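Presented below is the structure to which this report refers.
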Amino acid sequence: MLPARETQVRFFKSLLVGGTAFGVQYLVLWILKPHLRPLRAYSWAYVCSVATHYSLNRFWALKSARRDAGRQFLEYLGTALIGYLIQRFIAWFCLTWVHMPLLWIPVFAVPPSTLAVIAILNYRVFRRNV
């Protein structure tokens with residue numbers, strides 16, 4: 001049994017938003033790589049990605065009926081911090097232990113954090129019902 005049509009549309013839109021945010025993260029990482037230390041470049045790229053992600057979700061993909069936008073934003077920042085910590089740990093591990101090239105790290109770091117972040121965003125931060 002498939003989820004309700006509205007849930008399917010929200011999921012598809014959130015995938016598009018996630019793909020766009022990933023593209024922003026990768027592009028910024030590529031631009032900053034020659035100028036900053038690897039984890040610093042990764043962190044700045046993540047910040048740019050989060051700004052894109054929040055804006056697109058808040059106003060398009062996961063519109064919610066919540067009226068407490070300030071609290072919602074703080075919840076989003078907390079969720080982004082969880083995603084950042086997951087990605088930062090994976091980035092550190094890949095750089096330190098695997099010696100992976102910096103531009104490959106998002107491919108491995110983004111998916112695990114995405115699972116946690118999507119669940120929190122959809123069912124808490126941008127929930128449909130208040």
Side-chain angles (χ1 to χ4, degrees):
M1 186 165 143
L2 292 174
R5 176 82 174 134
E6 182 180 348
T7 301
Q8 292 174 352
V9 169
R10 283 171 60 93
F11 180 74
F12 180 72
K13 285 181 174 182
S14 69
L15 287 178
L16 288 175
V17 168
T20 302
F22 178 83
V24 166
Q25 184 175 4
Y26 196 85
L27 178 65
V28 172
L29 184 60
W30 180 73
I31 290 169
L32 294 179
K33 180 184 176 229
H35 307 291
L36 298 174
R37 292 182 300 176
L39 287 177
R40 185 162 289 162
Y42 197 88
S43 295
W44 279 109
Y46 186 81
V47 168
C48 293
S49 172
V50 165
T52 302
H53 194 260
Y54 176 77
S55 300
L56 290 174
N57 272 320
R58 174 78 172 110
F59 301 107
W60 179 64
L62 299 176
K63 289 183 183 178
S64 95
R66 290 182 62 176
R67 301 283 180 228
D68 57 344
R71 181 174 177 179
Q72 183 181 43
F73 180 70
L74 290 175
E75 290 174 0
Y76 180 85
L77 286 180
T79 305
L81 179 61
I82 291 168
Y84 173 74
L85 292 173
I86 293 168
Q87 285 194 35
R88 176 74 192 251
F89 174 77
I90 293 169
W92 169 82
F93 180 82
C94 289
L95 285 169
T96 305
W97 294 98
V98 182
H99 306 290
M100 183 179 291
L102 182 62
L103 293 178
W104 275 97
I105 292 173
V107 174
F108 294 96
V110 170
S113 72
T114 298
L115 294 175
V117 168
I118 280 182
I120 297 168
L121 291 180
N122 196 41
Y123 295 107
R124 174 66 193 159
V125 179
F126 296 115
R127 67 186 179 274
R128 202 54 154 160
N129 300 324
V130 181

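Sequential numbering from 1 along the given sequence is applied to the chain's residues. It should be emphasised that the depicted structure is a prediction, and the values quoted were computed from it without experimental measurement.
Residues Ile86 and Ala116 approach most closely at CD1-CB, 4.2 Å, considering heavy atoms. The two residues Ala41 and Leu32 come nearest to each other via the heavy atoms CB-CB, 4.0 Å. Across every non-hydrogen atom of Cys94 and Ile105, the tightest pair is CB-CG1, 3.8 Å. Across Val28 and Ala45, no two heavy atoms sit closer than the pair CG1-CA, 3.6 Å. In terms of heavy atoms, Ala61 sits closest to Arg10 at O-CG, 4.0 Å. Shown here for Pro112 and Ile90, the closest heavy-atom pair between the two residues is CG-CD1, 3.7 Å.
Note on Val117 and Val47: separate hydrophobic clusters, where clusters join Ile, Leu, Val, Met, Phe, Trp and Tyr whose side-chain heavy atoms are under 4.5 Å apart, directly or indirectly. Hydrophobic clustering places Leu102 together with Val98 (ILVMFWY residues linked when any side-chain heavy atoms are closer than 4.5 Å, directly or through intermediates). The cluster map of Ile, Leu, Val, Met, Phe, Trp and Tyr, joined by side-chain heavy atoms under 4.5 Å apart, puts Leu115 and Val50 in different clusters. Hydrophobic clustering (side-chain heavy atoms under 4.5 Å, transitive across Ile, Leu, Val, Met, Phe, Trp, Tyr) groups Ile82 together with Leu85. Hydrophobic clustering (side-chain heavy atoms under 4.5 Å, transitive across Ile, Leu, Val, Met, Phe, Trp, Tyr) groups Leu77 together with Ile120.
The salt bridge (Lys or Arg N to Asp or Glu O under 4.0 Å) contacts involving residues 102-119 comprise nothing, where partners must be two or more places apart or lie in separate chains. Listed by first and then second residue, the salt bridge (Lys or Arg N to Asp or Glu O under 4.0 Å) pairs involving residues 30-46 amount to none (not counting sequence neighbours). Applying the side-chain hydrogen bond (donor to acceptor under 3.5 Å, both in side chains) test to every pair with at least one member in residues 91-100, sequence neighbours left out, gives these pairs: Trp92-Thr96.
Contacts of Tyr76 classified as side-chain hydrogen bond (donor to acceptor under 3.5 Å, both in side chains), with partners at least two apart in sequence or in another chain: His53. In this structure Ser113 satisfies the side-chain hydrogen bond (donor to acceptor under 3.5 Å, both in side chains) test together with Gln87, sequence neighbours excluded. Every side-chain hydrogen bond (donor to acceptor under 3.5 Å, both in side chains) that Arg71 has, sequence neighbours left out, goes to Glu75.
The backbone N or O of Val125 sits less than 3.5 Å from a side-chain atom of Gln72, completing a donor-acceptor pair. A donor-acceptor pair under 3.5 Å is formed between the side chain of Tyr46 and the backbone N or O of Ala80. Panel note: side chain Ser49, backbone Ala21; a donor-acceptor pair is recorded below 3.5 Å.
Relative ring orientation between Tyr54 and Phe73 is described as perpendicular, the plane-to-plane angle rising above 60° on a 0-90° scale split at 30° and 60°.
Between Leu36 atom CG and Leu29 atom CG the span is 10.0 Å, to the nearest 0.5 Å. Rounding to the nearest 0.5 angstrom, the gap separating the CD1 atom in Ile118 from the CZ atom in Phe11 is 6.0 Å.
The environment of CH2 in Trp104 is sparse: at most 12 heavy-atom neighbours from other residues, nucleotides or ligands sit within 6.0 Å.
Looking at heavy atoms from C-beta onward, Tyr42 lies out of side-chain contact with Leu95 at the 4.5 angstrom threshold. The shortest distance between side-chain heavy atoms of Leu121 and Ser14 does not fall below 4.5 Å.
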